[in-house]
Amino acid sequence: MSIRHYLQFKDLGADEYAYLLTRAAFIKARFKAFEKHQPFADPDRTLAMIFEKASTRTRVSFEAGMYQLGGSVVHLTTGDSQLGRAEPIEDSAKVISRMVDMVMIRTYEQSKLERFAAHSRVPVINGLTNEFHPCQILADLFTLVEHRPAASGNPLDALKGKVVAWVGDGNNMANTWLQAAELLDFTVHVSTPSGYEVDPKLAGISNPGCYKVFKDPKAACAGADLVTTDVWTSMGYEAENEVRRAAFAQWCVDEAMMAVAKPDALFMHCLPAHRGEEVSAEVIDGPQSVVWDEAENRMHAQKALMEYLLLGRLG
Ligand code: CP
Ligand code: NVA
């Protein structure tokens, strides 16, 4: 099998997502039943995790997930490797990928991830870049399907036609939602402050019909199946903190916004969250919020993803 990377959401097709979402449910059920599921035990497989930005969920979900699959991990950061001392990314890719079976990278520019992948002998996974966060959206879709399954049992039927309201920054999460909507046939209602809009070119989508823009965040939430948001200031943009705090003041998901969404609408947030900024405490800690399932599902979804990238379809 040729190497498959997961650098952005559209690197996989709809049929592959149908498989992964079903597989993630199977893997999660085994985990919950305390049953071993160790396709990476023999031969032992290793994941290198490279972090150039901070992380809690991504680190824990990949590391715990890899051990649960019977494999092991190597954890590198810019500060404690030669990556922070200007070793070319191409050289790092050539070396690291001779010693491990898969690499997960969290970094700044998508182009850096792409350069690594171009020189890697093994699959490379995007653990967040300035432009995209595909593992998060994979987990979010898994969570949506889990909470609102289709009668057919096909996860793609559960997603088709859904309305996802995106309230906040036109950032890596928003871009990835647009790619998912285009591929899996749902619509994103996007509301951002002016100056922070999504850019379809940067998002890598070609069908402008997969999203609608709303000036008013509450209007974006009307009739939504899922309301979701993210921090006002993403990692790497901290210098803009004060300007953003003023610009985003009206983009706080509150109970009034949830009230105009569908009565059974869910609320998601990739976390970490700032209560009183992008979301009120009443919403994130309220009955429609599924943020803890969403965070846990990072691990189950990524286990399915890693298994697929290394071993193909199983079961
Ligand atoms: N959602 C997410 O990626 O969280 P971390 O930054 O903690 O990894
Ligand atoms: N958009 C956020 C997501 C954090 C998980 C960031 O890039 O910092």
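Computed from a predicted structure; not experimentally measured. Each ligand, and each atom within it, is numbered from 1 in the order the structure gives.
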> How are the rings of Phe26 and His37 set to each other: parallel, tilted or perpendicular (split at 30° and 60°)?
Replying inline: perpendicular

> Which residue and non-hydrogen atom of the protein lie closest to atom 8 (O) of ligand 2, and at what distance in Å?
Replying inline: Met235 N, 2.8 Å

> Which protein heavy atom lies closest to atom 3 (C) of ligand 2, and at what distance to 0.1 Å?
Replying inline: Asp230 OD2, 3.6 Å

Considering only distance and modelled atom types, tabulate donor-acceptor pairs under 3.5 Å from the side chains of residues 249-263, sequence neighbours left out.
unit_1, atom_1, unit_2, atom_2, d
Trp251, NE1, Ser191, O, 3.3
Trp251, NE1, Ser191, OG, 2.9
Asp254, OD1, Ala256, N, 3.3
Asp254, OD1, Met257, N, 3.0
Lys262, NZ, Asp225, OD1, 2.8
Lys262, NZ, Asp225, OD2, 3.4

> ligand 2 versus Asn172, non-hydrogen atoms closer than 4.0 Å: side chain, backbone, both, neither?
Replying inline: side chain

> Where on Leu128 is there a heavy atom closer than 4.0 Å to ligand 2, on the side chain, on the backbone, on both, or on neither?
Replying inline: side chain

>> Checking side-chain polar atoms at under 3.5 Å, does Asn175 have a donor or acceptor matched by the opposite partner on Gln179?
In response: no

> Can Arg244 be said to sit on top of Tyr237's aromatic six-ring, NZ or CZ under 6.0 Å from centre and within 45° of the ring axis?
Replying inline: yes

> Checking Glu90 side chain against Arg115 main chain: does a donor-acceptor pair fall under 3.5 Å?
Replying inline: no

> Taking distance alone, with no angle check, do His133 and ligand 2 share an N/O pair under 3.5 Å?
Replying inline: no

>> Check this for me - ligand 2, Ser234, N or O atoms closer than 3.5 angstrom, yes or no?
In response: yes

> Does Cys270 reach ligand 1 with a nitrogen or oxygen that is under 3.5 Å from one of the ligand's nitrogen or oxygen atoms?
Replying inline: yes

>> Heavy-atom distances under 4.0 Å decide this one: backbone, side chain, both or neither, for His133 against ligand 1?
In response: side chain

